[in-house]
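Each remark here refers to the structure printed beneath this line.
Note that these values count all heavy atoms, side chains included, but never hydrogens, waters or copies made by symmetry. The sequence lines fix the lettering, A, B, ..., with proteins before strands; numbering per chain opens at 1.
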2 protein chains.
Amino acid sequence: MLSFTEENYLKAIYHLSDGGLKSVLTNEIAESIQTKPASVTDMVKKLALKNLITYEKYHGVKVTRQGKSQALAIIRKHRLWETFLVEKLGFDWGEVHDVAEQLEHIQSPLLIEKLDEFLGFPSADPHGHPIPDKNGKITIARQITLLEATEKKAIIRSVKDSSASFLDYLSKVGIYIGATVQVMERLAFDGSLEIKIDGKKKVYISREAGENILVTQ
Amino acid sequence: MLSFTEENYLKAIYHLSDGGLKSVLTNEIAESIQTKPASVTDMVKKLALKNLITYEKYHGVKVTRQGKSQALAIIRKHRLWETFLVEKLGFDWGEVHDVAEQLEHIQSPLLIEKLDEFLGFPSADPHGHPIPDKNGKITIARQITLLEATEKKAIIRSVKDSSASFLDYLSKVGIYIGATVQVMERLAFDGSLEIKIDGKKKVYISREAGENILVTQ
DNA sequence: TATAAAGTTTAGATTAGTCTAAAAATTTAT
DNA sequence: ATAAATTTTTAGACTAATCTAAACTTTATA
Ligand SMILES: [Mn+2]
Ligand SMILES: [Mn+2]
Ligand SMILES: [Mn+2]
Ligand SMILES: [Mn+2]
């Protein structure tokens, strides 16, 4: 069984590796987990001994099949708890991350099964991020950024940036998961977008915002 | 802020002290927390430095006002989570303790407030144990053991022993929190009780079981 | 391609929590 | 009241996770 700390490292590495595709360097991990490179070196050795990652001195780490499976289990818990907090307890979608960061480490397979059922087996968390199933399987729909969307209608599916500040901004503007939007115009000046939400509200969002919103068309 | 371990020690000491009344000895703590007396000595020094307990070498510890308040906050969380697990997730009352033992350490005042509200501000957990309010206040009704109950009707309020084995036994026999019971006879031989549950079912329970069931009359 | 810069690892120290074995204090029994 | 038994504390060691500073490797630059 992994410690709290080992779980946090493994999850961070998994995310940085884009789901196990890329290999990940020491400094990236250190930055993402807010620690020093020397500490990362120690920990990746430990995770490598447990066969969760492979580690090549000076050349970063790769997540193993086992590591992926464990990382996905943690991500599953994180996202189910976030869903619970928003759907059942009435949290705002920008408030849930830090609490879920703690709840994801609770050890009880039965609890997660029952929570999943209580929530009605949701397929995505409040940020639109897919919730892996019991076997770690993720059902991914092809998503593009709002910036890349053509002028046809698109549906908001998820956000790349889950920071409270960005989510607050979206709420204020009137953008939410599931909203139907249409890009009316791309301003030549700074790349900002004029969009219509649910056929009614017309708003302007920055190029950067557009890059952090994922949609399906 | 207290660490996971410090919280567990403080809660154990609070319980052993009967809510802060008695002073508690090193070996009792060691046994209750499944650790060695030497480790307890180290930890009580730390908790004393934080003014949560007072420590007199060789003569045990007492819980301070501050310590009580913090212990009650942890107990509040423990019991709210147990209530959630049973009421919302459908756990059996004997399955919840170990999970609540983890959940009680989640740090988020907002979470507990919202959970409390979601549960409808319950006053007791699945074992009938009172849930302290936000300020640590406990509303206690005078309870006696079923063994001490006279032959009038009594209502089952809580259990002294929350072990899975005892709770399983009670469920099998048909005893639950809120049931109306009447002691029909006390057997001279071994002190066991003949009781009628809800005016219908008649069962025999041991003296020891009777000592671990609390009722009001 | 040699040198500088950046990134990574190692060495050694620190803190929290735990343990065993030995020493000291308290309690119980004679 | 002394000795024996029990309880508690201290001393010293260990593991997990962290850090700083120094050494080493890789990459970028001239
Ligand atoms: Mn976490
Ligand atoms: Mn999320
Ligand atoms: Mn606990
Ligand atoms: Mn309980």
Side-chain angles (χ1 to χ4, degrees), chain A residues 1-17 22-63 67 70-71 74 98 101-102 104-107, chain B residues 1-17 22-63 67 70-71 74 98 101-102 104-107:
Chain A
M1 228 202 50
L2 298 184
S3 72
F4 187 97
T5 311
E6 289 170 327
E7 288 195 342
N8 281 338
Y9 269 93
L10 179 59
K11 194 180 62 146
I13 293 168
Y14 178 84
H15 278 135
L16 290 168
S17 75
K22 303 193 301 187
S23 71
V24 182
L25 301 176
T26 301
N27 271 3
E28 303 178 66
I29 300 170
E31 202 202 353
S32 114
I33 226 164
Q34 297 274 72
T35 186
K36 302 290 166 184
S39 308
V40 173
T41 300
D42 283 347
M43 181 55 82
V44 296
K45 284 180 187 168
K46 251 180 68 182
L47 294 177
L49 270 177
K50 296 192 177 189
N51 295 312
L52 299 165
I53 59 179
T54 56
Y55 167 51
E56 251 196 293
K57 254 191 185 185
Y58 293 102
H59 294 90
V61 301
K62 285 203 178 79
V63 184
Q70 297 231 32
I74 302 163
D98 294 345
E101 204 58 45
Q102 299 178 61
E104 72 191 358
H105 303 290
I106 301 292
Q107 303 289 351
Chain B
M1 226 204 49
L2 298 185
S3 72
F4 188 98
T5 310
E6 290 169 326
E7 289 195 340
N8 281 337
Y9 270 93
L10 179 59
K11 195 181 60 146
I13 292 168
Y14 178 83
H15 278 135
L16 290 168
S17 75
K22 303 193 301 187
S23 71
V24 182
L25 302 176
T26 302
N27 271 4
E28 304 179 65
I29 301 171
E31 202 203 353
S32 115
I33 226 165
Q34 297 276 69
T35 185
K36 301 293 165 182
S39 308
V40 173
T41 300
D42 283 347
M43 181 56 82
V44 296
K45 285 180 186 167
K46 252 180 67 183
L47 293 177
L49 270 177
K50 297 193 177 186
N51 295 312
L52 300 165
I53 58 179
T54 56
Y55 168 51
E56 250 196 293
K57 252 192 189 184
Y58 292 102
H59 295 90
V61 301
K62 284 204 181 76
V63 184
Q70 297 231 32
I74 302 164
D98 293 346
E101 204 57 45
Q102 299 178 60
E104 71 191 358
H105 304 290
I106 301 292
Q107 303 289 352

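Closest to the side chain of B/Lys36, out of D/dT9, C/dC19, D/dT7, is C/dC19. Closest to the side chain of B/Asp42, from the set D/dT18, C/dT18, D/dT10, is C/dT18.
With contacts defined as side-chain heavy-atom distances shorter than 4.5 Å, the pair B/His105/B/Leu2 does not qualify. Residues B/Leu52 and B/Glu6 are not in side-chain contact: their nearest non-hydrogen atoms beyond the backbone lie 4.5 Å or more apart. Here the side chains of B/Glu56 and B/Tyr58 are not in contact, with every heavy-atom distance at 4.5 Å or above.
Atom OH of B/Tyr58 and atom P of D/dT8 are 10 Å apart (whole Å). Look at CG on A/Leu2: it is 14 Å from C1' on D/dA16, rounded to the nearest Å. The distance between atom CD1 of B/Ile33 and atom P of C/dC19, rounded to the nearest whole Å, is 11 Å. Distance A/Glu31 CD to C/dG7 C1': 14 Å, rounded to the nearest Å. At whole-Å resolution of the value, CG in A/Asn27 and P in C/dA6 are 12 Å apart. Distance CE (B/Met43) to P (C/dC19): 11 Å, rounded to an integer number of Å. Here the P atom of nucleotide C/dT18 and the CD atom of B/Gln34 are 12 Å apart, to the nearest Å. Rounding to whole angstrom units, NZ of residue A/Lys45 and C1' of C/dA11 are separated by 10 Å.
Within 4.0 Å (heavy atoms only), B/Tyr55 reaches sugar-phosphate atoms of the nucleic acid but no base atom.
Of all non-hydrogen atoms in B/Leu10 and B/Ala71, the two that sit nearest each other are CD2-N, 3.9 Å. B/Ile13 approaches B/Val63 most closely through the heavy-atom pair CG2-CG2, 3.7 Å. In this structure, A/Ala48 and A/Tyr55 approach most closely via the heavy-atom pair CB-CB, 3.9 Å.
A/Thr41 has no side-chain polar atom (N or O) that falls below the 4.0 Å cut-off from OP1 or OP2 of C/dT10. The side chain of B/Lys57 places no N or O atom within less than 4.0 Å of a non-bridging phosphate oxygen (OP1 or OP2) of C/dT26. Between B/Tyr9 and the phosphate of C/dT18, there is a side-chain N or O to OP1/OP2 separation shorter than 4.0 Å. Regarding contacts with the backbone of C/dT9, a side-chain N or O of A/Thr26 is found under 4.0 angstrom from either OP1 or OP2. Between B/Ser39 and the phosphate of C/dT18, there is no side-chain N or O to OP1/OP2 separation shorter than 4.0 Å.
Along DNA chain D, the nucleotide closest to B/His59 and the one closest to A/Thr5 are compared, and the more 5′ of them pairs with B/His59.
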Show me the protein contacts with nucleotides 1-5 of chain D, counting only N or O atoms at under 3.5 Å.
none

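A/Glu7 and A/Gln107 are linked by a side-chain donor-acceptor pair at a separation below 3.5 angstrom, with hydrogens and angles left out of the test.
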